[in-house]
Amino acid sequence: MRNFYPKNGRVILHVDMNSFYASVEMAYDPSLKGKPLAIAGNPEERRGIVVTCSYEARGFGVKTTMPVWEAKRLCPELIVMRPNFERYRSASKGMFDILRQYSELVEPVSIDEGYVDITDSFELGSPVDIAGQIQSQILSQLDLPCSIGVAPNKFLAKTASDMKKPMGITVLRKRDLPAKIWPLPVIDMHGIGEKTALKLNGMGIETCRDLAFANDIQLKSRLGINGLRLKEKANGIDRRIVDPDSIYDYKSVGNSTTLPKDTTNQHDLLAVILQLSEKVASRLHQKDVLGMTIQVMIKDKFRKSITRSRKLENPIGKKEDIFAVAKALFMKHWNGEPVRLLGVTAQDVVEKSEATEQLDLFSYKKEAEKEPLYKVVSELQDKYGKDSIARGIKGSKGARADTKTDTSFNKDFLRE
């Protein structure tokens, strides 16, 4: 079987569970199989937000981020269920336990997807054989479907796993790029969101082929180092390794300052925190990263320091957002004693291209809090017409259903 593996290079799988939350509910209750099912909040009020839905529901036009009332209008027979956090956590752990039977190099990237480096697993069969074994084992033991991409690097493996759903196995090599990837519009490339696509389009870069042959200087001037990274990916280049410990990494970007004199003036202290937040935001922007956790450090005149942090539901990078969290932390934990030093740090840093916000479990909770607003919007739309007022949710044109977010739940479910 060694002949099926490269002499120099890697063989990487990207395992992506299909309609994970809905599939878990179907595995738990087989009577739901084959029926249109959506996971959302407040199903009784029809005002919840669809977190995910079965492929049967998608056939009626039901989509993620859609309010339940609209999903019900498209599919009157739609079954709506609230999310079961522990049930999904258990299924996810079972899935990763199976992946680790095939390689020690397993890197979880969210609750329902992960990379597996099987370069040294040739004794178990060819890459496609191993992918088939994993898919079959997850289905037989957990009753859950998945799609798997087989490729020489993480980017191509992720791209391949998206090509055939549900229950697909796709091989993608660099030599396949001209036929399978380059003709696609740049918005369809993994790691490119709507805003980045618009910037690329403004440069005359419409397709992945255009990006693959784009001018380096022009890309860097408009998109920074991330522009060059995207060009590399368009050429099938991705040097990232499969790192089992990466989910526990705590990278950070922070700034601190010693005050000219010890002070208890709240206005002055908050002004310093704002300045520090601006500096952190600037450095995050330069690095093309976002922070999942914000930490504040307070040192008093006796050189005694305390640090307090808050883990966020979705990554942030704007100075206003950083300051809002830092200010709240400071106001909650400052004891009123004179302050000598202040610090603000963004922790759990993730690349912007890997941190697109989506409605996962924690985002769902956040959206659920907005349901009274959605009710008012719905009533106005019913009275004055659907286009009379627009909600702050992207429609299908801008939505990227395949993107993942490294949320606190996605990370924490492995740390317990």
Side-chain angles (χ1 to χ4, degrees), residues 191-199 202 220-227 229-230 249-261 263-299 305-334 339-360 362-363 365-367 369-370 392-394 398 403 405-408 410-411:
I192 295 182
E194 187 176 0
K195 291 183 179 180
T196 300
L198 289 174
K199 290 182 180 179
K220 191 171 183 180
S221 66
R222 291 295 300 276
L223 300 174
I225 190 65
N226 192 48
R229 291 172 181 165
L230 291 175
D249 286 349
Y250 287 88
K251 301 175 183 177
S252 64
V253 174
N255 280 89
S256 62
T257 185
T258 300
L259 306 183
K261 61 179 181 178
T263 181
T264 58
N265 187 299
Q266 179 178 303
H267 181 271
D268 292 343
L269 293 172
L270 290 178
V272 173
I273 291 177
L274 176 59
Q275 293 174 358
L276 292 172
S277 299
E278 290 175 344
K279 291 180 180 179
V280 172
S282 177
R283 291 179 60 196
L284 289 171
H285 178 71
Q286 292 173 1
K287 296 175 180 291
D288 278 315
V289 295
L290 301 171
M292 281 295 305
T293 300
I294 299 300
Q295 176 183 277
V296 167
M297 179 171 65
I298 308 169
K299 182 178 290 187
S305 63
I306 64 169
T307 58
R308 296 293 184 270
S309 62
R310 176 185 167 192
K311 184 176 287 291
L312 307 173
E313 297 173 356
N314 285 288
I316 62 174
K318 294 181 180 179
K319 64 179 181 181
E320 297 87 356
D321 297 334
I322 296 171
F323 174 65
V325 179
K327 176 183 176 181
L329 285 169
F330 174 78
M331 295 301 294
K332 181 177 181 179
H333 298 288
W334 178 43
V339 175
R340 171 168 296 182
L341 177 146
L342 287 171
V344 175
T345 302
Q347 298 176 324
D348 298 348
V349 168
V350 294
E351 292 186 16
K352 286 182 180 179
S353 61
E354 301 293 334
T356 306
E357 180 177 357
Q358 69 165 17
L359 281 178
D360 59 13
F362 270 137
S363 309
K365 287 183 176 178
K366 183 179 179 182
E367 291 297 325
E369 294 173 356
K370 302 176 185 177
I393 296 179
K394 294 180 181 178
T403 54
T405 303
D406 290 333
T407 65
S408 49
N410 283 346
K411 296 293 187 183

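Model, not experiment: these values are computed from the prediction.
- Among I316, D348, V325, T345, the one residue that satisfies the side chain to side chain contact (heavy atoms under 4.5 Å, CB included) test with T293 is D348.
- When side chains are defined from C-beta on, L341 does not count as touching L259, because their heavy atoms never get closer than 4.5 Å.
- Judged purely by atom type and a 3.5 angstrom limit, S282 has no side-chain atom pairing as donor or acceptor with the backbone of E278.
- Taken to the nearest 0.5 Å, the NZ atom of K327 stands 16.0 Å off from the NZ atom of K332.
- The OG1 atom of T257 sits 12.0 Å away from the CD1 atom of I273 when rounded to the nearest 0.5 Å.
- Within the model, atoms CE of M297 and CZ of F330 stand 13.0 Å from one another, a figure rounded to the nearest 0.5 Å.
- The two atoms that bring G317 and A281 nearest to each other are O-CB, 3.3 Å, heavy atoms only.
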- Query: Can you check side chain to side chain contact (heavy atoms under 4.5 Å, CB included) on N314 and L290, steps first, answer last?
  - Reply: CA-CA 9 Å; N314 285 288; L290 301 171; over 6 Å; no

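- Residues passing the side-chain hydrogen bond (donor to acceptor under 3.5 Å, both in side chains) test with R283 are N255, sequence neighbours excluded.
- For the atom pair R340 CZ and T263 OG1, the distance stands at 12.5 Å (nearest 0.5 Å).
- Applying the salt bridge (Lys or Arg N to Asp or Glu O under 4.0 Å) test to E320 and every residue at least two apart in sequence or in another chain returns nothing.
- T196 meets the side-chain hydrogen bond (donor to acceptor under 3.5 Å, both in side chains) test with no other residue; sequence neighbours excluded.
- For the atom pair H333 NE2 and T307 OG1, the distance stands at 10.0 Å (nearest 0.5 Å).
- Just one residue in the list Q347, R308, K311 forms a side-chain hydrogen bond (donor to acceptor under 3.5 Å, both in side chains) with Q295, and that residue is Q347.
- Contact check for V344 versus F323: no side-chain heavy atoms found under the 4.5 Å cut-off.
- In this structure the side chain of V339 never reaches within 4.5 angstrom of the side chain of T264, judged on heavy atoms.
- A distance of 6.0 Å separates CG of L223 from NZ of K199, quoted to the nearest 0.5 Å.
- Counting only heavy atoms from C-beta outward, the side chains of L284 and I322 approach each other to under 4.5 Å.
- Residues P315 and V350 come closest through the heavy atom pair CB-CG2, 4.2 Å.
- In this structure, I294 and R310 have side chains that are not in contact, with every pair of non-hydrogen atoms separated by 4.5 Å or more.
- Listed here is the closest heavy atom pair of A346 and G291: CB-CA, 4.3 Å.
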